[in-house]
Visitor: 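Could you have a look at this structure, given as structure tokens, before my questions?
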Amino acid sequence: MQKRILVCLTIIGALAAFPVWALDLHQARAAGMIGEKNDGYVTALKPDDEVNALAAEVNAKRQAEYARISGQNGQPAAVVAQLAAAQIIIGLESGAPYQDAGGAWKTK
């Protein structure tokens, strides 16, 4: 249990360390263009080149961070990503699209 808490805190801190793209991601979420998936990654809900590029950039940074945390904690990267997804979804602003545990799309 303590290891999961440590992993969650590490994830939250790491995701907060990306303020440059966080603002753009926030705006894209607020506009309903990008949604948070239940696997720790984002997807373009209204795809165009700019939204697709933002989603790819966010996902690449998250993948690298999940791998780093995985290496530090001995958890598989997929487990780290799922723990991150839960924390990200909890912290979403009102109106942000997200995928629930069953895969259905909802709005916070």
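Each residue takes its place number in the sequence, starting with 1.
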Visitor: Run the side-chain contact (heavy atoms from CB on, under 4.5 Å) test on Glu50 and Asp24 for me, step by step, so that the C-alpha distance in whole Å, both residues' side-chain angles and the decisive distance to 0.1 Å come before the verdict.
Guide: CA-CA 11 Å; Glu50 188 175 356; Asp24 291 334; over 6 Å; no
Visitor: Is the shortest side-chain heavy-atom distance between Val80 and Gln72 below 4.5 Å?
Guide: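 They are not in side-chain contact.
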Visitor: To the closest 0.5 Å, what do you measure between OG1 (Thr43) and CD (Gln99)?
Guide: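 Separation between the atoms: 8.5 Å.
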Visitor: Answer yes when Arg68 and Glu65 have at least one side-chain N-carboxylate O distance shorter than 4.0 Å, and no when they do not.
Guide: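 The answer is yes: the pair qualifies as a salt bridge.
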Visitor: I'd like to know if the side chain of Tyr66 and the backbone of Ala84 have a donor-acceptor N/O pair within less than 3.5 Å.
Guide: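 A pair under 3.5 Å: no.
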Visitor: Has the side chain of Asn38 got a donor or acceptor atom that lies under 3.5 Å from a matching backbone atom of Gln82?
Guide: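 Side chain of Asn38 to backbone of Gln82, a donor-acceptor pair under 3.5 Å: no, none is there.
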Visitor: Find the distance between CD (Gln87) and CG (Leu92) and round it off to the nearest 0.5 Å.
Guide: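 Spacing of CD (Gln87) from CG (Leu92) equals 11.0 Å.
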Visitor: For Ile34 versus Ala44, what's the shortest heavy-atom pair and its separation?
Guide: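 Ile34 and Ala44 have their closest heavy atoms at CG1-CA, 4.4 Å.
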Visitor: Specify the closest pair of heavy atoms between Ile89 and Lys108, including all atoms of both residues, with the distance to one decimal.
Guide: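 Taking Ile89 first and Lys108 second, the nearest heavy atoms are O-NZ, 2.8 Å.
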Visitor: Which heavy atom of Ser70 sits nearest a heavy atom of Ala77, and at what distance?
Guide: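 Looks like OG-N, 3.4 Å.
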Visitor: Any chance you could measure Arg29, atom CZ, to Ile88, atom CD1, to the nearest 0.5 Å?
Guide: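 Here the rounded value is 7.0 Å.
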Visitor: Taking all non-hydrogen atoms of both residues into account, name the closest pair between Gly32 and Pro97 and its distance.
Guide: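 Heavy atoms of Gly32 and Pro97 come nearest at CA-CG, 4.1 Å.
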Visitor: Would you say Leu45 ends up clustered with Leu54 if hydrophobic residues are merged whenever their side chains have heavy atoms under 4.5 Å apart, either directly or through other cluster members?
Guide: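 No, Leu54 does not connect to Leu45 through the hydrophobic network.
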Visitor: Shortest non-hydrogen contact from Thr107 to Tyr98?
Guide: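 Between these two residues, the closest heavy atoms are C-CE2, 3.8 Å.
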Visitor: What are the two closest non-hydrogen atoms of Asp100 and Lys106, and how far apart are they?
Guide: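 Looking at all heavy atoms of both residues, the closest pair is OD2-CE, 3.1 Å.
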Visitor: For the NZ atom of Lys61 and the CG atom of Asn59, what is their distance to the nearest 0.5 Å?
Guide: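 The NZ atom of Lys61 sits 11.5 Å away from the CG atom of Asn59.
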